[in-house]
Amino acid sequence: MRLTPSLELDEFRGQVRSFIADKSPGVKPRAGIRAPEPEQIPDLRAWTAALYDAGYLGAEWPTAYGGTGRADLERAFVVAEELARARAWEPIGAGTLAASALIEFGSEEQKARFLPRIRSAQDIWCQLFSEPGAGSDLASLSTRARREGGEYVIDGQKVWTTNGQHADVGYLLARTDPDAPKHRGITAFALDMDTPGVDVRPLREITGTSDFNEVFLDGVRVPADRVIGEVGDGWRVANSSLGHERSGVAARGADLLRQLDDLLELAEGSRESGQPVLDDPATRRRIGRLAASVHVADLMSKAAQSRMVHGTEQAADSPLVKIFFSEANLAAAELGVALQGVDGLLVEGDPDVRADGWWQDAFLYARAYTIAGGANEVLRNVVAERALHLPREKR
Ligand SMILES: Cc1cc2nc3c(=O)[nH]c(=O)nc-3n(C[C@H](O)[C@H](O)[C@H](O)COP(=O)(O)OP(=O)(O)OC[C@H]3O[C@@H](n4cnc5c(N)ncnc54)[C@H](O)[C@@H]3O)c2cc1C
């Protein structure tokens, strides 16, 4: 397992850290994968482009499109950790996900059109997979795409579309053959979001922000050359691109360590009935328990990173890192609110609110991480069936 740092990686980490300090457009004001305000979009496009230009993103892309043609997972993990540690904005949208699909399955014309625009962040992408009736069971999706001459006509509804309100292009899954078994008959498309019939409606969440959207598709006409991969092969295209997305494993450990530091700072400045909260043995025990779960989650992230780098990844690695992260993250947010006593009822904008209401917002958002990227219950099934080889769930 790679736990001993190398000098070269340490130097690289130092460069990334300085780069973030110099170039990033400020610290993210809220926890989680959040949609920015419209006025922040130009800065976030420039930031995303700067990450690609510096080679901190897209290093594995073909040389013709600005990459090195070789994945360097260790460096990609360092970048993800440093972004999380600094609470810097992630590259905006689902461009990295779409790029993996295009590089592996896209036509030469699609690569030439879209990859440079992803690198320059001229195009923001969103992920149009989930539907009201198809989330965990994504293969049940019912958005239809019918061939009519040189076009597909698309009807249906997507939901949970992060950044849909800012997106230029959607990475869409739709059913092209309703008679085929459900994992076949799905096709992947690149959909221009300004096509007539695309209606993006932001949802207002419990946090008061609008990070996701509903996207209604009504008679949307997409040229047939916007199919990514083969018609009917969208399930493989989607799974392969999701499988390339590994940097989340690294970001998760770093995110929790940062939260633990902030939580200790919050605890040190908190008093209950005039007494420092850290004098209370029950509070100290709760912090100790959380610190233990954070360090376990971080070590699991490091072990998973190491196996990924050495090509010995196990089926349980990503699911377990995600489950442990999201549960420790929820416990941290609950503790961050509890440590403030009655002031935990204040929110962003209230006078005297601590840390600009960061913990209160994080508390409201934290459940999302137990669902996004695979609901924890479903991931537990994955661990049981694919890693522990227990009897399969009844389907
Ligand atoms: C923050 C966030 C951002 C997201 N962004 C996007 C995006 O940009 N694009 C996109 O396409 N999607 C996005 N999603 C959607 C996400 O992928 C889905 O929420 C997820 O797949 C779960 O689907 P669902 O919400 O329909 O819940 P369901 O699948 O309906 O699950 C509801 C509950 O039932 C449980 N459950 C379901 N099946 C089983 C089972 N077999 N065994 C045991 N329990 C089960 C689940 O664990 C969950 O508790 C996002 C979600 C979140 C939270």
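We count ligands from 1, going down the list as the structure has it; atoms in each ligand are counted the same way. Scope of the values below: all heavy atoms of this structure, side chains included, with no hydrogens, waters or symmetry mates.
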### Nearest protein heavy atom under 4.0 Å from atom 3 (C) of ligand 1, yes or no
yes
### Task
Take every heavy atom of Tyr365, measure it against each atom of ligand 1, and state whether any distance is under 4.0 Å.
yes
## Note on the structure
For Leu7, the hydrophobic cluster (side chain heavy atoms closer than 4.5 Å, chained through members) also holds none
### ligand 1 to Pro132 polar contact by distance, N or O atoms, under 3.5 Å
no
### Message
Taking Asp279's backbone N and O only, do any of them form a donor-acceptor pair with Thr283's side chain (distance below 3.5 Å, no angle check)?
### Response
no
### Message
Taking transitive links into account, so neighbours of neighbours count too, which hydrophobic residues share a cluster with Phe189 at under 4.5 Å side-chain distance?
### Response
Leu128, Tyr152, Ile154, Leu172, Leu191, Met193, Val198, Val200, Val215, Leu217, Val220, Val222, Val227, Val231
### Task
May I ask you to list the atoms of ligand 1 that are less than 4.0 angstrom from any heavy atom of Phe129?
11 (O)
## Note on the structure
of all protein heavy atoms, closest to atom 31 (O) of ligand 1 is Ser136 OG, 3.8 Å
### Task
Taking all heavy atoms of Val237 and all of Ala101, pick out the closest pair and write down the distance.
CG1-CB, 3.9 Å
### Message
Closer than 4.0 angstrom, basic N to acidic O: yes or no for Arg258 and Glu265?
### Response
no
### Task
Under 4.0 Å from a heavy atom of Asn381: give me the atoms of ligand 1 that qualify, with their elements.
40 (C), 41 (N), 42 (N)
## Note on the structure
Counting from 1 in the order shown, the ligand 1 atoms closer than 4.0 Å to a non-hydrogen atom of Gly135 are 21 (O), 23 (O), 24 (P), 26 (O)
### Query
What protein heavy atom sits nearest atom 45 (C) of ligand 1, and how far away is it?
Val378 CG2, 3.9 Å
### Query
Can a non-hydrogen atom of Ile33 be found less than 4.0 Å from any atom of ligand 1?
no
### Query
Would you call Asp343 and Arg354 a salt bridge, taking side-chain N to carboxylate O under 4.0 Å as the test?
no
### Query
Does the pair Glu60 and Arg70 meet the rule for a salt bridge (Lys or Arg N to Asp or Glu O under 4.0 Å), with working shown?
CA-CA 5 Å; Glu60 71 289 1; Arg70 197 176 57 84; over 6 Å; no
### Query
For Glu131, is at least one N or O under 3.5 Å away from an N or O on ligand 1?
no
### Aromatic plane relationship, Phe19 with Trp47 - under 30° parallel, 30 to 60° tilted, over 60° perpendicular
parallel
### Query
Between the side chain of Ser270 and the main-chain N/O of Leu266, is any donor-acceptor distance below 3.5 Å?
yes
### Task
Examine Asp137 against ligand 1 and note whether any of their N/O atoms are separated by less than 3.5 Å.
no
### Message
Taking the six-membered ring of Trp358 as reference, does the cationic atom of Arg87 (NZ for Lys, CZ for Arg) lie under 6.0 Å from its centre and within 45° of its axis?
### Response
yes
### Which of the ligand 1 atoms, numbered from 1, are nearer than 4.0 Å to a heavy atom of Glu377
43 (C), 44 (N), 46 (C), 47 (O), 49 (O)
### Message
Looking only at protein heavy atoms, which one is nearest to atom 1 (C) of ligand 1, and what is the separation?
### Response
Phe212 CE2, 3.4 Å
### Task
Using protein heavy atoms only, decide if any is under 4.0 Å from atom 37 (C) of ligand 1.
yes
### Message
Checking contacts now, so for atom 33 (C) of ligand 1, which I'm interested in, is there any protein heavy atom under 4.0 Å?
### Response
no
### Message
Distance under 4.0 Å to a non-hydrogen atom of Ala372: what atoms of ligand 1 satisfy this?
### Response
1 (C), 2 (C), 51 (C), 52 (C), 53 (C)
#### Entry: Nitrogen or oxygen of Ser130 less than 3.5 angstrom from that of ligand 1
yes
### Query
Would you call Asp155 and Arg144 a salt bridge, using N to O less than 4.0 angstrom?
no
### Distance filter under 4.0 Å to Glu393 heavy atoms, resulting ligand 1 atoms
40 (C), 41 (N), 42 (N)
### Message
Tell me the protein heavy atom at minimum distance from atom 7 (C) of ligand 1, and give that distance in Å.
### Response
Trp160 O, 3.0 Å
### Summary
min-distance protein heavy atom vs atom 9 (N) of ligand 1 -> Gln127 O, 2.8 Å
### Query
Taking only heavy atoms of Ala375, which atoms of ligand 1 are found under 4.0 Å from at least one of them?
46 (C), 47 (O)
### Message
Assess whether a salt bridge exists between Asp280 and Arg284, defined as any Lys/Arg side-chain N lying under 4.0 Å from an Asp/Glu carboxylate O.
### Response
no
### Task
Note the single closest protein heavy atom to atom 8 (O) of ligand 1, along with its residue, its atom name and the distance in Å.
Thr162 N, 3.0 Å
### Task
Report yes or no: does Lys322 contribute a side-chain atom to a donor-acceptor pair with the main-chain N or O of Asp317 at less than 3.5 Å?
no
### Query
Does Tyr369 approach ligand 1 within less than 4.0 angstrom via side chain, backbone, both or neither, non-hydrogen atoms only?
neither
### Task
Answer yes or no for atom 25 (O) of ligand 1: protein heavy atom present at a distance under 4.0 Å?
yes
### Message
Taking atom CZ as the centre, does Arg184 end up with more than 12 heavy-atom neighbours from other residues, nucleotides or ligands that are less than 6.0 angstrom away?
### Response
no
### Task
Please report the C-alpha distance between Asp199 and Arg201 in whole Å, then the side-chain angles of each, then the deciding distance to 0.1 Å, and finally whether the salt bridge (Lys or Arg N to Asp or Glu O under 4.0 Å) criterion is met.
CA-CA 6 Å; Asp199 181 13; Arg201 299 188 200 161; 2.9 Å; yes
### Message
Starting from atom 20 (C) of ligand 1, what is the nearest protein heavy atom, named by residue and atom, and what distance separates them?
### Response
Ile371 O, 4.0 Å
